[in-house]
Structures are given as structure tokens and as C-alpha cells.
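Worksheet: one structure, shown below.
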Number of protein chains: 2
Amino acid sequence: MTEPTGRRERKKAATRQKIADTALRLFLERGYEAVGIRDVAAEADVAVTTLFAHFASKEALVFERDDDFEQRLTRAVTDRPPREPLLPALRLEIHALVRHCTADGAAPIWRMIEESPALREYEESMRLRHANTLATAIAADPGLPQSPTACRTIARFVIDAYSLAREATDPGSAVDEIFEMIEAAWEAASPSPRAR
Amino acid sequence: MTEPTGRRERKKAATRQKIADTALRLFLERGYEAVGIRDVAAEADVAVTTLFAHFASKEALVFERDDDFEQRLTRAVTDRPPREPLLPALRLEIHALVRHCTADGAAPIWRMIEESPALREYEESMRLRHANTLATAIAADPGLPQSPTACRTIARFVIDAYSLAREATDPGSAVDEIFEMIEAAWEAASPSPRAR
DNA sequence: TCCGAAATGCTAACCGTTAGTGTTACGGTC
DNA sequence: GACCGTAACACTAACGGTTAGCATTTCGGA
């Protein structure tokens, strides 16, 4: 339980970061498909096996920070003040995440992702994981009376909003447009909808 | 344009079918990961390159009939009588598709899919393709005044319904529950929602 | 100080997939 | 009915991501 960040952990983190940085640089310089794992390992001055000890796959090198994404989403649910409605909090978070992805600096990275089928497929599978995590967080909220199916559904819809808005010509307003639809779906899933 | 099914086309279709049947049998007998492409090709008595001339990847061997899925969905949209509302037609189709996947005979196949990350990832990416196709079909309907973003969103939601319902304990009622939410979302996306 | 474990390295392979190059069998044409 | 273009198929060899097996170094804690 002692975590004063010993040298070993620092070195490990440094190695991981060096691999990720090197990989991203090479990918952007020469293109994702044109760079091999052996290239990345050589340039980062580590063994191929070491690279795979830090990253589960070549694609994972690109989505190095996806843990953040997951955490931000679940925290938007769990860290919101009591009695605060769920969806506005999620809408704000999705707005921020979309803005982050569509910022100018991130453009080359996302273009690279769109151009590579392998990266696209990996991201889709990542989103499903995020949706499941989010669904668990929503279902765990005692203030929400919706059914498990409704929770899973809304989680899926929220992740869809992130994905769809990023592709839209005006991402910001797309988030709002889609969230209007999600709000309606959420209300329709409230218990005893006929009693309103 | 002459299509009296010449010998050549018949032989090609037979080869394709033999490969698919052999692959599915081996996968179910020994497990998806335990069977190599070279095994399938040898057992089907074709060259590996021939196998890949018929199927784009190992995973595609399992989802051999996914064209049907796409066609059934788009036809549910385009072939419905004029002025018939969109979502009930889609609900019926999703009901049928879910029933088809959760039938007893299909159980081993879907268990195999759930147990293989590669197959799961492939199916997710397939679903996104289906959602895009469906979105195009919906957006092409002149009787629907919704925005492009709303059409893409609803298409995504409908595919989500299929995916979520299959995992539910009672798939049939899950389809209905999710479609209630989708109907509400669709109405919220109708033009001038403030005028109601 | 020393031991165990974690991190890293090296080699060699496995497996899906593709390029390159022939060969065969069929369909349409004269 | 012979002929030619081409679609289908085969064979070989490789490429690239990924992993197993095993040796080595390096650190943390006892």
C-alpha cells in the first residue's frame, strides 16, 4: 500500500510513455499502416515483447488514454450532486469530450483513425466497453427508478451521441439535437409512463 | 445480364457454401480459435487463397449471411406502404430478427461468438455498417421530415435495440421496452417540437 | 545484505492475410 | 465446332501482429 512512486514504477511509466510517444510520432509521420510494431519498438529502443507488455495491441498504442474517457463518463454520473438530473450532466460531459476530439490539434490523429479500418474497428469495440461501464454506473444510482434494460439503453444512446456528433458538420449543435431525443427516450422509460 | 445460372456460377456458389459449411462445422466442433484458416481450407479441399477469394476474413466465415440482415432492415423501411409510420415497421422487423437469433438452434453459434473477442469485435463493426445503411434508407424517405442527424441517430438506436434485446433475459419484451424509448426520441426529433 | 518479483530482452515461432504467378474450366463469339 | 478472354482456383513465399519460452537485469522489502 506504500505508493511513494518508487523508481521502478517511475521507470515503467516512462517506458510506457516513451513507447506511446514514439508510436504516435511515427504513425503521424509515415501513416499507421506503414509503420510496423518492430519499427516502433526499435525507435523507442525496447524489445517487441516489452512493447506488448505495456500495450495489448498495435491499436491500443493510438488510444493510449481511453481510460480517461471511461472515468470522465462514469464520474459525470457518480460525482454529480444528489437529486441533480442525470442527462444534463452527461450532456455537458459529452459536449466537453466532443470539443476535445474536434479541436484543431487533434485533427491529424482523428483523420488517421478514420482512414484505418483497424483503428475504426478498435474504437467501435472500445465504445461498447464504455457503454457497458456507463450502464453499470447509471444502474447503480439509487435515485433512478428506471429498469436495467432502460439503463443499458440510455448508456448506449449517450455513447452514440458522442460518436454521431463527432461526425456531424456542427458537432456542438448535434450533441444538443441528439440529447433532446435521449431526454425524451429517458422520460418514456420512467416507471408508469401512462400515469403522467 | 443472362442469368440462367451457368455451370460456372453454380460451381462458384457451391465452393463458397462448402467453405462456409466446413468452417462452421469445424468451429463448432473444436472452437473458433482452435481452428486455423489452413485447417478450414484443407478440410474444404480448397487453397487458402481461394478461401480468401470468397471471404474477406476468418470472421466473415461465421457471419456468412449478414447481407440478409442488412437487406431485411432496409426493406422494412423502403417496402412499407405509403404513409405507414416508420418505427412500427422497424419494430416488427427487429422482433423477427431477434427471435431468429435467439432460437434454440442458433444458440451454439451465438455462444461461440460471445466467447471470441475477435468475433465480437467483428460483429460490432458490422452493426455500425448496418446502422449507416439503415440511416441512408431512412433519410431517403421523402415522407419523413426529420433532420439528417436525427435519421442517423434513430438508425443507430434501432440497431442498438437489436443488440441490447439479444442480451436481455426476455428479448421479446426488451425489444418493446426499447422501442417505446425510440418512439419518444423520434417524436422529439420531429420538426418544430416546441409547437406541440 | 540478500531474496523474490517485476521489468525487460532475445529468439523463434504461430497465424491471418496477401502478392505474385501459373493453370484450368467455362461462356460467349465467330 | 473451334477459339479466345476471363473468371475461378492453386501453389509458393512472404509479411506483419502477436505470443511462448527462457535468460537477464533491476528494484523493493525483509
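For clarity, every value in this text was computed on a predicted model and none was experimentally measured. Numbers restart at 1 for each chain; the letters A, B, ... are given by sequence-line order, proteins then strands.
- Rounded to whole Å, the distance from CZ on A:R10 to C1' on D:dC27 is 11 Å.
- Near-neighbour residues of DNA chain C inside residues 23-30 of chain B, defined by a heavy atom below 4.0 Å, are absent.
- Residues meeting the side chain to side chain donor-acceptor pair (under 3.5 Å) test with A:R30, sequence neighbours left out: none.
- Ring planes of A:F27 and A:Y32: perpendicular class, angle over 60° (limits at 30 and 60°).
- Atom CE of B:M181 is separated from atom CD of B:E177 by 7.5 Å, given to the nearest 0.5 angstrom.
- At a threshold of 4.5 Å between side-chain heavy atoms, the hydrophobic network of Ile, Leu, Val, Met, Phe, Trp and Tyr places B:L128 and A:L128 in two separate groups.
- When the side chain to side chain donor-acceptor pair (under 3.5 Å) test is applied to A:D21, the partners found at least two apart in sequence or on another chain are A:Q17.
- Within a heavy-atom distance below 4.0 Å of DNA chain D, no residue of residues 12-21 of chain A is found.
- Classified by interplanar angle (parallel below 30°, tilted 30° to 60°, perpendicular above 60°), the ring pair A:W110/A:F63 is perpendicular.
- Contacts between residues 44-63 of chain B and DNA chain C, counted as heavy-atom distances below 4.0 Å, involve B:V48, B:T49, B:F52, B:S57, B:K58.
- Going from atom CD of A:E121 over to atom P of C:dG16 covers 16 Å, rounded to whole Å.
- The distance between atom CZ of B:R7 and atom C1' of C:dG28, rounded to the nearest whole Å, is 15 Å.
- Using a 4.5 Å heavy-atom threshold, the side chains of A:T149 and B:L164 count as separate.
- Using a 4.0 Å heavy-atom criterion, one finds that A:V40 contacts no nucleic acid atom at all.
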Using side chain to side chain contact (heavy atoms under 4.5 Å, CB included), reason through A:V40 and A:V46 one step at a time and then give a plain yes or no. CA-CA 9 Å; A:V40 176; A:V46 295; over 6 Å; no

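- The CD atom of B:E33 sits 13 Å away from the C1' atom of D:dT18 (whole-angstrom rounding).
- With contacts defined as side-chain heavy-atom distances shorter than 4.5 Å, the pair B:P171/B:R99 does not qualify.
- One distance of note links OH of A:Y162 with CD of A:E167; it measures 10.5 Å at 0.5 Å rounding.
- Taking atom CD1 on B:I37 and atom P on D:dC11, their separation rounds to 16 Å, with Å as the unit.
- Under the side chain to side chain contact (heavy atoms under 4.5 Å, CB included) criterion, A:P108 pairs with A:L28, not counting sequence neighbours.
- A:D39 has its CG atom 10 Å from the C1' atom of D:dG16, to the nearest Å.
- Distance CZ (A:R38) to P (D:dT18): 10 Å, rounded to an integer number of Å.
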